[in-house]
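First the structure, in the form of structure tokens, and then the observations on it.
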Amino acid sequence: MPSSSEKRKADHLSLCATDDVAYKNKTTLFEQIELIPRALPELRIQDVDTGTSIAGKSLAAPLWISAMTGGGSEAVAINKELAATAQELGIGFCLGSMRPMLSDPARAADFKVRDVAPDALVMGNIGATEIMRNGPGPSLEAIAKIGADGIGIHLNPMMELIQPGGDTDFTGVIDAIAALVEAAGDDLTVFVKETGCGLSWRDGEDLKKAGVGVVEVAGAGGTSWIGVETLRADGAQERAGKIMWDWGIPTAVSTAWMVDKSFTVISSGGIRSGLDIARAVAMGAALTGVAAPLIQAREKGGISLVREYLDDLIFGLKIAMVGCGAADLAALSSVPRVLGPDLSRWIETGWQGR
Ligand SMILES: Cc1cc2nc3c(=O)[nH]c(=O)nc-3n(C[C@H](O)[C@H](O)[C@H](O)COP(=O)(O)O)c2cc1C
């Protein structure tokens, strides 16, 4: 008999395999970033350098596969296939929540990917509430066991509020994060992520105080995790979920705020093209992440379609770089750009509390 958390993860996977869980009326606002094109780029596409490095690892492109939990028995296959693809392409890979491994050490096998991804950037993942309950020790031991380069802590209060049986107490989270950052020391990268609602400027202030240096914004405009839970909920939670479906900070906005707060920023939530990646880097992101489209591609055409999707993202980034005359990511980050009215209004208005 699958446990209730295994059943939940299997539901998540099957709901995310379709695009019915996207934001309905809110976008990432990446479409409101126009990079100024060059008619005289003076570049050859084969010379464009998309390489970068993070957490001591070199990457062939500013991209990672964002955290995704495999449902029950599918976890092993999903993690191994995605990690092997990341290794092949020279991009990063984040595991989904390692909570099952913390409660049942036998599940460590689901998260061990170093056999297929010996050199890739591999990150672990755990919910903030887990660290609140048990302190940093068990999570750090789990990371050591699988040989990951770091750990991402996910925050998802609105998703929990709509999730049947989800958490309702979000006090003490900042202190728990600070304790993990301290216990991790300098050798392990700790990053904090949302799961699709984005991080606000004030969240950034709190995370800075907690000692966090790297954030993954996971903003609004891609997969709506409130949408996912709404489809699983009933009664008051289902009714509230329908109202809250589009809750969140557009990814381009959250990216701009976190760059302003001097974090190393991973821009994610609705990254769907190489042009989105180019726009995120132009706004100051160090890296970008993609999640649900890879599960959808795997469902449709197996790992070869996942590979094709990722190849297309990287090719699209290169095309965009030639288009604006940027030979490398440093040049891309200083390409002149024009921001549309909604994006400018969001960015400026959200800074009110500074
Ligand atoms: C099937 C699936 C499972 C996920 N599980 C996790 C998880 O365990 N931990 C986490 O931090 N985020 C999880 N996420 C959220 C993603 O990492 C990402 O932040 C979010 O889906 C937005 O990105 P997207 O629009 O590219 O899907 C999951 C996403 C998907 C699609």
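Since the structure is predicted, the reported quantities are computational estimates derived from the model, not experimental observations. When a ligand or atom number is given, it counts from 1 through the structure's own listing order.
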Does ligand 1 have any atom that is closer than 4.0 Å to a heavy atom of R272?
yes
Closest to atom 20 (C) of ligand 1 among protein heavy atoms sits T195 O, 3.4 Å
Would you confirm whether W245, through its side chain, and I226, through its main-chain N or O, come within 3.5 Å as a donor-acceptor pair?
no
Will you find, in the side chains of S66 and E216, an N or O donor that is under 3.5 Å from an N or O acceptor?
yes
If you have a sec, work out which protein heavy atom is nearest atom 22 (C) of ligand 1 and how many Å separate them, to one decimal?
G269 CA, 3.9 Å
Yes or no: does N125 have any heavy atom under 4.0 Å from an atom of ligand 1?
yes
Could you find the nearest protein heavy atom to atom 11 (O) of ligand 1 and give me its residue, atom name and distance?
K193 NZ, 2.8 Å
Look only at interatomic distance and state if P293 has a nitrogen or oxygen under 3.5 Å from any nitrogen or oxygen of ligand 1.
no
Would you say that W346 contacts W257 through its side chain, given a criterion of any heavy-atom pair below 4.5 Å between the two side chains?
yes
Considering heavy atoms of the protein only, find what lies nearest to atom 6 (C) of ligand 1 and give residue, atom and distance to 0.1 Å.
A67 O, 3.4 Å
Going by side-chain contact (heavy atoms from CB on, under 4.5 Å), L317 matches just one of D276, L275, D312, L332. Which one?
L332
Just need the protein heavy atom nearest to atom 1 (C) of ligand 1, so name the residue and atom and give the distance.
L13 CD1, 3.8 Å
Tell me: protein heavy atom nearest atom 27 (O) of ligand 1, and distance?
T223 OG1, 2.6 Å
Measure across Q237 and L161 and return the closest heavy-atom pair with its distance rounded to 0.1 Å.
NE2-O, 3.0 Å
Under 3.5 Å, N or O to N or O, is T69 touching ligand 1 that way?
yes
Using salt bridge (Lys or Arg N to Asp or Glu O under 4.0 Å) as the criterion, list what pairs up with D234, not counting sequence neighbours.
none
List the closest protein heavy-atom neighbour of atom 30 (C) of ligand 1: residue, atom name, distance to the nearest 0.1 Å.
W225 CZ2, 3.2 Å
